[in-house]
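Remarks on the structure that follows.
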Amino acid sequence: MTKLPFIFPVLLLLTTLLHPTFAEIKNLKITSDSRPMILFERFGFTHTGQTTISVSSVSVISSLSSPEPSRLGFFLLSEESLIQVLLELQQNPSFCVLDSKYIILLFTFQDLSPPPHSSFNHTYPITSPNEYSLFFANCAPESTVSMDVHTELYNLDGRGRVRDFLSAGLTQLPTLYSFFSLLYFAFFAFWIYFCFKNKTSVHRIHALMGALVIIKALNLLSAAEDKHYVKVTGTPHGWDVLFYIFQFIRVVLLFTVIVLIGTGWSFLKPFLQEKEKKVLMIVIPLQVLANVASIVIGETGPFIKDWVTWNQVFLLVDIICCCAIIFPIVWSIKSLKETSKTDGKAAKNLAKLTLFRQFYIVVIGYLYFTRIVVFALRTIAAYKYQWVANAAEECASLVFYAVIFYMFRPVERNEYFVLDDEEEEAAEMALREEEFEL
């Protein structure tokens with residue numbers, strides 16, 4: 001890539017390790033793009049895998065002499081070969097990746113039909129099963145490319161007839177999401193039954209918690225249908241729209257419920273303080289932004305110029321929201337500790353402190369697992385077992401919901417009403433010893 005910065009292709013190659021595996025049939029339009037490399041897809045192939053690429057309306061404009069067609073083309077790159085290609089670029093920044101012996105070259109612009117059509121269409125069988133990234137490389141200096149690109153990446157069944165447009169490591173997702181959606185529907189039914197059974201102890205927060213569960217179930221159901229139609233036909237048939245709608249409602253509800261429980265709203269006090277309202281006013285708009293970023297990431301793919309930026313926006317907003325929801329829990333713990341010194345209800349306050357401290361630990365554990373452990377699983381798991389990270393995330397979420405709902409379930413006599421004399425004395429001693437530091 002003559003006279004092109006070394007850092008750009010290196011960063012682009014490294015993003016193949018970070019972004020999730022994409023699927024679906026894609027129809028993309030590239031307009032006056034000068035990037036030396038464009039990442040289109042990442043897909044796990046079996047021994048029956050195939051790649052179909054169709055390009056049309058191709059035009060290359062250069063401010064220098066007419067570009068050599070063999071310097072522009074498409075190729076596949078496996079994760080194992082990534083380091084070797086990076087070393088080649090590091091040793092020679094002007095090196096054209098299309099000349100590398102570590103790539104699987106599909107075709108160059110030399111293979112295009114003559115103008116005015118300037119098109120190409122071919123299907124390539126995958127001879128070596130692996131996870132590959134589909135790239136376009138432009139090694140012609142000072143040139144921009146415009147073209148329409150149609151891609152189909154899929155695996156065939158044992159008979160070689162039925163196409164599976166989900167990556168080899170994600171083909172289990174429709175079944176996985178369907179199973180967990182059934183669990184959440186059952187969870188919701190049990191929660192409604194339990195609330196009716198203890199209706200005198202039900203607060204407004206319990207209604208919000210119920211809404212969260214049913215939205216989570218619908219979110220998983222739409223995700224299952226989305227993945228099923230992508231698996232079978234290559235397109236989501238509109239289920240992706242429902243998925244994003246339910247995902248938006250679910251995430252906003254989840255963070256809202258965590259903040260409201262952390263403040264003790266409805267079951268400890270009927271109102272929110274100003275600083276607690278500010279947390280909600282920060283978290284909810286940020287979640288709107290995070291969901292917009294999520295939609296851009298999911299519906300476009302890494303070929304758009306600002307794809308990496310949207311990933312960074314999503315990551316930054318998610319971190320801010322995760323930190324923000326911790327503050328109300330800490331404020332409640334500090335408030336309860338101060339109140340316990342003056343109101344003479346040591347056992348009751350000790351029970352509340354214990355509950356909120358447990359809630360704090362559970363929230364931290366959930367955020368740590370779903371943000372760090374799941375990311376690590378996606379990074380280290382073999383491409384055929386990428387679904388394991390999704391299964392671990394859903395298991396962690398189900399356990400989190402079950403624990404939180406149990407801790408703050410509507411019951412007449414719970415941890416808030418401990419009034420035994422011996423426990424009262426023990427509680428006073430515990431509070432004096434300041435055992436509830438975070």
Side-chain angles (χ1 to χ4, degrees), residues 172-228 239 242-267 283 287 291 321-322 325 329 355-356 358-371 373-374 377 387-416:
Q172 301 85 354
L173 287 187
T175 304
L176 178 73
Y177 289 146
S178 296
F179 173 72
F180 275 99
S181 69
L182 290 176
L183 288 181
Y184 277 100
F185 279 120
F187 192 157
F188 176 71
F190 178 76
W191 182 252
I192 294 297
Y193 165 77
F194 195 84
C195 287
F196 271 103
K197 188 178 178 181
N198 300 273
K199 59 177 66 177
T200 57
S201 303
V202 172
H203 298 279
R204 285 172 292 174
I205 190 66
H206 297 126
L208 276 178
M209 292 164 75
L212 174 61
V213 174
I214 192 63
I215 291 297
K216 173 68 174 176
L218 292 171
N219 186 208
L220 284 169
L221 180 63
S222 59
E225 290 297 318
D226 179 8
K227 296 303 179 185
H228 167 72
W239 282 99
L242 278 177
F243 169 74
Y244 288 121
I245 290 172
F246 286 128
Q247 177 178 263
F248 168 72
I249 299 172
R250 176 188 63 82
V251 173
V252 171
L253 259 181
L254 175 62
F255 278 88
T256 302
V257 166
I258 291 175
V259 170
L260 292 178
I261 290 178
T263 62
W265 175 78
S266 107
F267 57 84
V283 168
Q287 279 305 310
N291 276 272
C321 289
C322 289
I325 63 175
I329 308 174
L355 194 66
F356 274 87
Q358 291 170 346
F359 179 57
Y360 174 83
I361 293 170
V362 169
V363 170
I364 291 293
Y366 170 72
L367 295 176
Y368 175 83
F369 189 92
T370 54
R371 269 65 180 176
V373 176
V374 170
L377 282 174
W387 63 271
V388 173
N390 299 82
E393 184 174 11
E394 293 306 328
C395 286
S397 296
L398 184 59
V399 170
F400 174 73
Y401 279 53
V403 170
I404 296 306
F405 278 54
Y406 176 79
M407 289 171 64
F408 296 94
R409 66 196 185 281
V411 288
E412 291 184 11
R413 287 188 59 83
N414 58 20
E415 293 85 351
Y416 297 143

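Values below: every heavy atom of this structure, side chains too, minus hydrogens, waters and symmetry copies. Computed from a predicted structure; not experimentally measured. When a residue number appears, it is its place in the shown sequence, counting from 1.
For V403, the side-chain contact (heavy atoms from CB on, under 4.5 Å) partners at least two apart in sequence or on another chain are V362, V399, M407. Here F248 pairs with nothing under the ring-ring contact (aromatic ring centres under 6.0 Å, His included) rule; sequence neighbours left out. Residues satisfying the side-chain hydrogen bond (donor to acceptor under 3.5 Å, both in side chains) criterion with N219, sequence neighbours excluded, are R250. Under the ring-ring contact (aromatic ring centres under 6.0 Å, His included) criterion, F187 pairs with F405, sequence neighbours left out. With sequence neighbours excluded, the residues forming a side-chain hydrogen bond (donor to acceptor under 3.5 Å, both in side chains) with E393 are R378, listed by chain and number. For the side-chain contact (heavy atoms from CB on, under 4.5 Å) test, residues two or more places apart in sequence or in another chain that qualify with L253 are L208, A211, L212, I215, I249. Scored by the side-chain contact (heavy atoms from CB on, under 4.5 Å) test, I361 finds R357 as partners (sequence neighbours excluded). Annotation: ring-ring contact (aromatic ring centres under 6.0 Å, His included) contacts of F369 (sequence neighbours excluded): none.
Using the six-membered ring where Trp is involved, Y366 and F400 have ring planes that are parallel, under 30° apart on the 30 and 60° scheme. Using cut-offs of 30° and 60° for the angle between ring planes, the Y193 and F190 rings count as tilted.
Closest approach of F243 and S222 over heavy atoms only: CA-OG, 3.3 Å. Closest approach of W191 and R409 over heavy atoms only: CH2-CA, 4.1 Å. Scanning both residues, A389 and L377, for their nearest heavy atoms gives CB-CB, 4.0 Å. Residues T256 and V252 come closest through the heavy atom pair OG1-O, 2.6 Å. Residues V202 and C195 approach most closely at CG2-O, 3.3 Å, considering heavy atoms.
Note that CG of L220 is 10.5 Å distant from CD of Q247, once rounded to the nearest 0.5 Å. Note that CD1 of I192 is 12.0 Å distant from NE2 of H206, once rounded to the nearest 0.5 Å. Note: L260 CG to H203 NE2 = 13.5 Å, rounded to the nearest 0.5 Å.
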Donor-acceptor pairs are to be reported for all side-chain atoms of residues 175-185 against protein atoms at under 3.5 Å, with residues two or more places apart or in another chain.
from: Y177; atom 1: OH; to: N390; atom 2: ND2; distance (Å): 3.1
from: S178; atom 1: OG; to: P174; atom 2: O; distance (Å): 2.8
from: S181; atom 1: OG; to: Y177; atom 2: O; distance (Å): 3.4
from: S181; atom 1: OG; to: S178; atom 2: O; distance (Å): 2.7
from: Y184; atom 1: OH; to: L398; atom 2: N; distance (Å): 3.2

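Between the side chain of W239 and the backbone N or O of L221 there is no donor-acceptor pair closer than 3.5 Å.
Counting only heavy atoms from C-beta outward, the side chains of M209 and I261 approach each other to under 4.5 Å. A 4.5 Å side-chain heavy-atom check between F408 and I205 finds every atom pair outside the cut-off.
Sorted by first then second residue, the salt bridge (Lys or Arg N to Asp or Glu O under 4.0 Å) pairs that include residues 212-221, not counting sequence neighbours, are K216-E394.
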